[in-house]
Amino acid sequence: MIRQRHLTLACSVVGAAVVALDGTVLTIAQPALRHDLDADFGQVQWTSTGYLVAVASLLVFAGRLGDRYGHRRIFALGALGFAAASAGIALAPDIGWVIGLRVLQGACGALLQPATLGMLRAAFPPDRLAMPIALRTSAIGLAAAAGPLVGGALVTAHGWRSVFALTVVPALAIGLLALAVPAPTATAAAPSPAVTRASLDLPGACLLAVTLACLVQVLVGAPASGWTTATTLSLGTCVAAGAAFALHERRTAHPLLPPAVLRSRPLMAGLAALLAASAALFGTLFVTTYFLQDVRGLDPLSSALWVLPLAVLMVLGAPAAALLQRRFGPRRTTLSGGAVLALGVLLLSRLDTSATAVTTGGCFVLVGAGFSTVMVTATAVVVHRAAASEAGVAGGLQQTAMNIGPALGVATATLLMTLDATTPGAPGAFVPAMETTLLVLATVAALGAAAALGLPGRERTAPTRDSERPRIASRT
């Protein structure tokens with residue numbers, strides 16, 4: 001049993017890290033990709049946008065697939081598909097192939113990501129979930145920090161194709177390992193008969209996919225191109241599809257989002273905290289990157305080193321957050337983490353042209369510690385509060401929040417900076433606008449901390465809805 005749990009944890013951690021690494025190394029590789037394939041900026045943007053749209057639109061449905069067919073199987077399918085798509089991109093002859101395969105890679109990533117949480121929910125007792133999730137969070141932080149350095153070295157030595165070849169072997173290995181590891185039997189690892197027999201709600205899945213895809217398109221496209229006809233149509237489609245989805249879910253016998261999940265106050269509070277924290281973090285990183293490079297005059301490597309304390313605290317802070325949650329409970333831990341995150345963003349808003357590496361790094365220490373605390377604790381609540389038969393949907397919602405939040409944060413930051421008519425190369429104009437923007441993002445982080453009031457306090461025992469159900473032999 002212990003060996004099975006360790007192997008499951010390894011699959012979950014490596015799977016999450018591979019996806020995080022893929023996203024960060026691509027940013028470094030895009031200029032070389034554009035020149036080598038003679039692509040324009042719009043086409044290169046779609047190598048990121050197409051992936052993001054595919055991931056965000058399919059996460060919840062992928063989680064439901066895991067609930068029905070077993071998270072290990074869906075994880076293995078996603079990991080093997082991710083490896084195949086990565087290999088295809090490394091061999092792609094033109095930009096059209098790259099974009100198409102990135103969309104496929106996004107779909108496989110959508111299968112993989114909720115399953116990393118669903119497998120943990122099935123393998124570990126609910127009261128022991130926090131530390132595995134913390135290790136997963138640390139791996140994501142480490143991969144995100146290492147991505148630019150690894151990607152820069154690979155692109156310089158071997159070209160842009162090497163960054164996609166980088167993820168082929170680990171994705172292939174964990175996919176095969178997931179198929180080989182027997183499912184744990186001491187916890188409710190198998191789908192319940194009700195879930196197995198239930199409809200997958202394909203109409204609901206399609207409506208939600210259209211809603212989320214259009215939402216991401218608006219968040220990504222509006223800041224870059226303004227309110228064009230295409231952006232307006234995307235927004236209208238998003239609203240219409242969202243309304244149709246809500247109506248459909250109320251009428252269908254087997255909704256994609258189970259009513260028990262939507263009625264769970266702790267689960268919804270956890271999602272709100274994650275959405276706000278990720279929006280605040282990525283919006284802040286977007287603005288401060290321009291500040292460090294265009295105002296302070298740092299090169300990309302130096303600016304990455306100034307931000308390095310953020311990644312260090314994400315790696316080190318995640319296990320500490322799991323211990324704090326066990327001692328003080330989810331509510332107090334998440335509330336404190338959100339407050340620390342908001343304070344870090346607020347202090348960053350006070351920086352000016354005289355900012356040093358020490359003052360900037362100190363601010364990012366607070367941002368990293370606060371964000372990792374919110375992410376670990378809120379994620380543990382989201383996964384813990386869902387029954388094992390609904391863990392995939394809960395994981396899909398968590399991953400959706402973690403994908404929509406960054407897009408929302410960057411869109412908000414871009415909009416606010418644009419309204420102030422700033423010029424990145426003009427320090428006198430940029431710094432006041434940065435202050436206003438980061439104040440807004442600090443408020444967003446504070447609202448996420450307030451959402452933590454809906455989380456449970458410290459529990460003497462850890463009862464779960466699954467404990468009242470008879471154990472079912474695993475079919476996965």
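Predicted, not measured: the structure shown is a model, and the values here were computed from it.
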Has the side chain of [X] got a donor or acceptor atom that lies under 3.5 Å from a matching backbone atom of [Y]?
X: Ser162; Y: Gly159; value: yes
X: Ser372; Y: Met314; value: no
X: Thr443; Y: Leu439; value: yes
X: Ser57; Y: Ala54; value: yes
X: Arg102; Y: Tyr51; value: no
X: Thr228; Y: Thr231; value: yes

Would you say that [X] contacts [Y] through its side chain, given a criterion of any heavy-atom pair below 4.5 Å between the two side chains?
X: Asp201; Y: Glu249; result: yes
X: Leu275; Y: Leu271; result: no
X: Thr436; Y: Leu416; result: no
X: Trp160; Y: Arg34; result: no
X: Thr379; Y: Thr137; result: no
X: Val393; Y: Pro258; result: yes

State the [atom1]-[atom2] distance between [X] and [Y], to the nearest 0.5 angstrom.
X: Leu33; Y: Gln43; atom1: CG; atom2: CD; result: 10.0 Å
X: Met375; Y: Leu281; atom1: CE; atom2: CG; result: 10.0 Å
X: Cys11; Y: Leu176; atom1: SG; atom2: CG; result: 10.0 Å
X: Ile89; Y: Gln105; atom1: CD1; atom2: CD; result: 4.0 Å

Carefully, step by step, assess Phe371 and Leu310 under the rule side-chain contact (heavy atoms from CB on, under 4.5 Å). CA-CA 9 Å; Phe371 179 77; Leu310 168 68; 5.6 Å; no
Run the ring-ring contact (aromatic ring centres under 6.0 Å, His included) test against Phe282 and tell me which residues pass, sequence neighbours left out.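 So Phe282 forms no ring-ring contact (aromatic ring centres under 6.0 Å, His included) with any residue.
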If I compare all heavy atoms of Val340 with all of Leu366, which pair ends up nearest, and what's the gap?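 Result for this residue pair: CG1-O, 3.3 Å.
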Indicate the ring-plane relationship of Phe430 and Phe291, choosing parallel, tilted or perpendicular according to the 30° and 60° boundaries.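 Aromatic pair Phe430/Phe291 classed parallel.
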